[in-house]
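These notes concern the structure reproduced below.
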Amino acid sequence: MRIALTGKGGSGKTTVAATLARTFARRGYRVNALDGDPNPNLATAIGITEDDIARLRRVPREAILNDHHDADGSTTAHLSRPFEEVLAEYGVTGPDAIGVLTMTGLLGAGKGCICGQHSAVRDVMEQLASSEPRDVTILDTEASIEHLSRGTVRNVDALLVVTEPYYRSLETAGRIVPLARDLGLPEVWVVANKVRDARDREAILQYGAGHGFEIVAAIPFDPLVGEADQLGRAVIDHAPEAAAVAAIGALADVLVERLSATVAAT
């Protein structure tokens, strides 16, 4: 399963991505977590130590992909070496044996765009398609909609759009979903996060119904998530009994149920 997460900044997508990765790994899946945000925070949210985070290096395209130029002028990309070798050289292995890689990063102030990095992420995700039912790749994207315009998430099995129950966050989800469908993504679902009460839940459901997208999970607002973040810890370590952790575990169940047949058919 290849699952990408997106959403407005502050929606909690990185916390959801990290907790999903830890949940799948604890259930016996082989999990790789790729940080596609130029301002990377996924490793911290997963529970990687500061010393190991310091060892992470952005993976350059040439270290992982070979580009083949066909006679018709088209270009196809293939993994240039086993993914495990790339992980050993550029990444770290985190809690619950999760492989973590940083895929994008700023080149420096005034140094230009990172367009090539977006295309590398897209091609790597294509190559990580697997018929193995116990393989999971989680991609955390940047807090913008640029990865939709560049097709960075084109090769995932499902895109989760994380939203808060506030208009600006919902408005961002309302822009992301049609862009994702234009890319031809097989599954695009919305995850409601930081839901405080029935009023919040109803606001998200109404917005989704009015804009034609499905809400597959409602994760409650949980102060334990904030506590974990203040301490620089993964919420699943700081408070494994947290309501938000339980809700993300239920989301993992939904993803397995909905995606297993799809992945097996590819």
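When a residue number appears, it is its place in the shown sequence, counting from 1.
Between Ala180 and Val188, the shortest heavy-atom distance links the atoms CB-CG2, 3.7 Å. Taking each heavy atom of Asp237 and Arg22 in turn, the nearest pair found is OD1-NH2, 2.8 Å. Of all heavy-atom pairs spanning Thr14 and Ala45, the tightest one is CG2-CB, 3.9 Å. Scanning both residues, Ile236 and Thr23, for their nearest heavy atoms gives CD1-OG1, 4.1 Å. Across all non-hydrogen atoms, the minimal contact from Leu259 to Ala158 is CD1-CB, 3.9 Å. In plain terms, the two heavy atoms of Val156 and Ala4 that are nearest each other are CG1-CB, 3.8 Å.
Remark: of the listed residues Leu160, Val161, Leu42, Leu160 is the sole one forming a side chain to side chain contact (heavy atoms under 4.5 Å, CB included) with Leu5. With Val16 as the partner, the side chain to side chain contact (heavy atoms under 4.5 Å, CB included) test is satisfied by one option alone out of Asp140, Val225, Ile219: Ile219. Looking at Val216, Val177, Leu159 one by one, the single match for side chain to side chain contact (heavy atoms under 4.5 Å, CB included) with Trp189 turns out to be Val216.
One N or O on the side chain of Ser169 and one on the backbone of Glu164 form a donor-acceptor pair closer than 3.5 Å. In this structure, Gln127 contributes its side chain and Ala77 its backbone to a donor-acceptor pair below 3.5 Å. Not one N or O on the side chain of Asn66 forms a donor-acceptor pair closer than 3.5 Å with the backbone of Ser80. Here the side chain of His211 pairs a donor or acceptor atom with the backbone of Tyr207 at under 3.5 angstrom.
With rounding to the nearest 0.5 angstrom, the CZ atom of Arg196 is 14.5 Å from the CZ atom of Arg201. Here CD1 of Ile64 is found 7.0 Å from CG of Leu128. Values are rounded to the nearest 0.5 Å. One distance of note links CD1 of Ile138 with CD1 of Ile98; it measures 8.5 Å at 0.5 Å rounding. In this structure, CZ in Arg55 is found 8.0 Å from OG1 in Thr49, a value given to the nearest 0.5 Å. How far CG of Leu255 is from CG of Leu20: 6.0 Å, rounded to the nearest 0.5 Å. In this structure, CD in Gln206 is found 11.0 Å from CG in Leu170, a value given to the nearest 0.5 Å.
Contact check on Arg258 versus Glu214 returns a salt bridge, with a Lys/Arg side-chain nitrogen under 4.0 Å from an Asp/Glu carboxylate oxygen. Of the charged side-chain nitrogens involved, at least one lies within less than 4.0 Å of a carboxylate oxygen, so that Arg81 and Glu89 count as a salt-bridged pair. One finds no salt bridge joining Asp200 and Lys194 here, because no Lys/Arg side-chain nitrogen approaches an Asp/Glu carboxylate oxygen to under 4.0 Å. Contact check on Arg61 versus Asp123 returns a salt bridge, with a Lys/Arg side-chain nitrogen under 4.0 Å from an Asp/Glu carboxylate oxygen. One finds no salt bridge joining Asp182 and Arg154 here, because no Lys/Arg side-chain nitrogen approaches an Asp/Glu carboxylate oxygen to under 4.0 Å. At a threshold of 4.0 Å, the pair Arg122-Glu126 does not count as salt-bridged, since none of the basic side-chain nitrogens sits closer than that to a carboxylate oxygen. Under a 4.0 Å N-O distance rule, the pair Arg57/Asp35 does not qualify as a salt bridge. Of the charged side-chain nitrogens involved, none lies within less than 4.0 Å of a carboxylate oxygen, so that Asp135 and Arg2 do not count as a salt-bridged pair.
Two different hydrophobic clusters hold Tyr166 and Leu205 under the rule that ILVMFWY side chains link at heavy-atom gaps under 4.5 Å. Hydrophobic clustering places Leu87 together with Tyr90 (ILVMFWY residues linked when any side-chain heavy atoms are closer than 4.5 Å, directly or through intermediates). The hydrophobic cluster containing Ile3 also contains Ile46, counting ILVMFWY residues as joined when their side-chain heavy atoms lie under 4.5 angstrom apart, directly or transitively.
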- Quick one: do Arg27 and Asp253 satisfy salt bridge (Lys or Arg N to Asp or Glu O under 4.0 Å)? Show the steps, please. CA-CA 11 Å; Arg27 294 179 180 180; Asp253 292 333; 2.6 Å; yes

- Take Asp37 and Lys13 through the side chain to side chain contact (heavy atoms under 4.5 Å, CB included) test and state the conclusion after the steps. CA-CA 11 Å; Asp37 191 334; Lys13 66 177 180 58; 3.9 Å; yes

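Using a 30° and 60° split on the angle between ring planes, Phe24 and Tyr29 fall in the perpendicular class, above 60°.
Between the side chains of Ser11 and Thr163, not a single donor N or O lies within less than 3.5 Å of an accepting N or O.
Contact annotation: the side chain of Leu185 approaches that of Val153 to within less than 4.5 Å [non-hydrogen atoms, C-beta and beyond].
The 12-atom threshold is not exceeded at CZ of Arg30, counting heavy atoms of other residues, nucleotides or ligands nearer than 6.0 Å.
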